[in-house]
Amino acid sequence: MISIRNLQKSFGKLRVLHGISLEMHPGQVVALIGPNASGKTTLLKCILGMVVPDSGLIEFDGKAVNQEVSYRKYIGYMPQIGRYPENMRVRQVMKMMIDLYPDGAVIDNELANAFSLHSMDQKFMRTLSGGSRQKVSAVLAFLFDVPVLILDEPTAGLDPISAEILRQKILHEREKGKLIIISSHVLSELEGIATDILYVADGKVKTYQPITELLEETGTSHTREAILEIMNRHAGNH
């Protein structure tokens with residue numbers, strides 16, 4: 001579904017992505033992990049078309065993303081920090097997003113209902129706490145029944161109950177066979193969710209393999225332990 005070949009990106013003299021190549025398919029939940037400034041967010045933004053790579057190719061369902069921008073409507077995106085018009089109410093932001101999608105788009109209100117978003121729909125975005133803003137970001141990411149979800153630090157700022165609600169929603173969408181990419185520093189939240197680990201450091205892919213293989217290779221029984229083993233293995237190389 002998403003194919004990346006030899007992706008390169010620099011910001012001035014700082015080289016951020018060094019020849020990233022990989023493929024991701026429906027049914028995968030890819031945990032994107034790595035140290036700070038490893039290129040994770042830049043990689044996600046390249047996939048989303050928010051950052052233009054210097055060279056390389058990204059294809060979505062066989063079509064180069066730089067030639068067909070309409071692919072973005074098939075991706076639900078939850079940024080690490082959601083930025084919205086501060087003078088708009090929550091319900092206005094929701095309506096604005098719905099109006100951007102074509103007629104016939106399937107709206108998914110499951111998460112909005114679980115978070116009781118209706119109780120804050122009259123509030124202005126500028127008045128929301130960090131956790132409430134994160135709930136809005138999550139609801140917007142899952143608002144349409146799309147085949148791909150990209151979640152950047154999804155539980156940051158959420159209370160434990162809300163984090164578990166979001167976790168269950170991710171599992172529900174995984175059961176539908178969607179491709180889900182989760183960038184997270186909270187390794188425990190990947191347990192039982194991720195099917196594959198993509199470890200990036202210094203803008204390069206260090207490890208990309210199924211969790212089952214990783215557990216066997218590292219001799220561990222939990223995703224968190226296997227990830228820590230991989231991170232420690234590469235610690236001296238970045």
Hey, quick one: are [X] and [Y] part of the same hydrophobic cluster, counting side-chain heavy atoms closer than 4.5 Å, chains of contacts allowed?
| X | Y | answer |
| --- | --- | --- |
| Leu57 | Val52 | no |
| Val51 | Leu14 | yes |
| Val146 | Ile98 | yes |
| Ile230 | Leu215 | yes |
| Ile227 | Val205 | no |

Indicate the atoms forming the closest heavy-atom contact of [X] with [Y], along with that distance.
| X | Y | answer |
| --- | --- | --- |
| Lys9 | Pro53 | CD-CA, 4.0 Å |
| Leu166 | Ala138 | CD1-CB, 4.2 Å |
| Leu17 | Cys46 | CD1-SG, 4.1 Å |
| Gly19 | Asn6 | CA-OD1, 3.3 Å |
| Ile20 | Gly203 | CD1-O, 3.2 Å |

*Stepwise side chain to side chain contact (heavy atoms under 4.5 Å, CB included) check, Leu117 with Met94*: CA-CA 10 Å; Leu117 204 68; Met94 297 285 290; 3.9 Å; yes
For a 4.5 angstrom cut-off between non-hydrogen side-chain atoms, does [X] reach [Y]?
| X | Y | result |
| --- | --- | --- |
| Ser184 | Leu190 | yes |
| Leu151 | Phe142 | yes |
| Val30 | Ile180 | no |
| Val93 | Met125 | yes |
| Gln209 | Ile197 | no |
| Arg15 | Gln8 | yes |
| Met24 | Tyr208 | yes |
| Leu140 | Met78 | no |

Quick check: does any side chain N or O of [X] sit under 3.5 Å from a backbone N or O of [Y], one acting as donor and the other as acceptor?
| X | Y | answer |
| --- | --- | --- |
| Asp54 | Ser10 | yes |
| Glu110 | Lys169 | no |
| Arg174 | Ile193 | yes |
| Asn109 | Ala112 | no |
| Gln92 | Arg89 | yes |
| Lys40 | Ser183 | no |

Going by atom types only, do [X] and [Y] share a side-chain donor-acceptor pair under 3.5 Å?
| X | Y | result |
| --- | --- | --- |
| Ser38 | Tyr199 | no |
| His185 | Glu153 | yes |
| Ser132 | Ser129 | yes |

Does [X] [atom1] have over 12 foreign heavy atoms under 6.0 Å away?
| X | atom1 | result |
| --- | --- | --- |
| Lys123 | NZ | no |
| Phe124 | CZ | yes |
| Glu216 | CD | no |
| Ile161 | CD1 | no |
| Arg126 | CZ | yes |

*Out of curiosity, Ile2 CD1 to Glu23 CD, how far, rounded to the nearest 0.5 Å?*
11.0 Å
*To the nearest 0.5 Å, tell me how far Glu191 CD sits from Arg167 CZ.*
8.0 Å
*Decide yes or no on salt bridge (charged side-chain N to carboxylate O under 4.0 Å, His left out) for Lys178 and Asp145, but give the supporting numbers first.*
CA-CA 10 Å; Lys178 297 185 177 184; Asp145 190 15; 2.7 Å; yes
*asked:* Is there a side-chain hydrogen bond (donor to acceptor under 3.5 Å, both in side chains) between Glu189 and Thr155? Walk through the geometry before answering.
replied: CA-CA 8 Å; Glu189 76 179 15; Thr155 62; 2.3 Å; yes
_All ring pair (Phe, Tyr, Trp, His ring centres under 6.0 Å) counterparts of Phe144, not counting sequence neighbours_ = Tyr101
*Steps toward side chain to side chain contact (heavy atoms under 4.5 Å, CB included) verdict (His25, Leu179)*: CA-CA 6 Å; His25 305 283; Leu179 168 59; over 6 Å; no
Would you call [X] and [Y] a salt bridge, taking side-chain N to carboxylate O under 4.0 Å as the test?
| X | Y | answer |
| --- | --- | --- |
| Lys45 | Asp152 | no |
| Glu86 | Arg133 | yes |
| Glu59 | Lys63 | no |

*Take Tyr74 and Arg72, measure what side chain to side chain contact (heavy atoms under 4.5 Å, CB included) needs, and give me the verdict at the end.*
CA-CA 5 Å; Tyr74 300 112; Arg72 297 176 195 171; over 6 Å; no
*Could you point out which residue of Leu149, Leu198, Val29, Leu44 forms a side-chain contact (heavy atoms from CB on, under 4.5 Å) with Ile181?*
Leu44
_One pair to check against side chain to side chain contact (heavy atoms under 4.5 Å, CB included): Leu143 and Ile107. What are the steps and the verdict?_
CA-CA 6 Å; Leu143 188 57; Ile107 297 176; 3.9 Å; yes
_Parallel, tilted or perpendicular, as decided by the 30° and 60° cut-offs, for the rings of Phe60 and Tyr71_ = tilted
*Over-ring placement of Lys135 relative to Phe115, 6.0 Å and 45° cut-offs*: yes
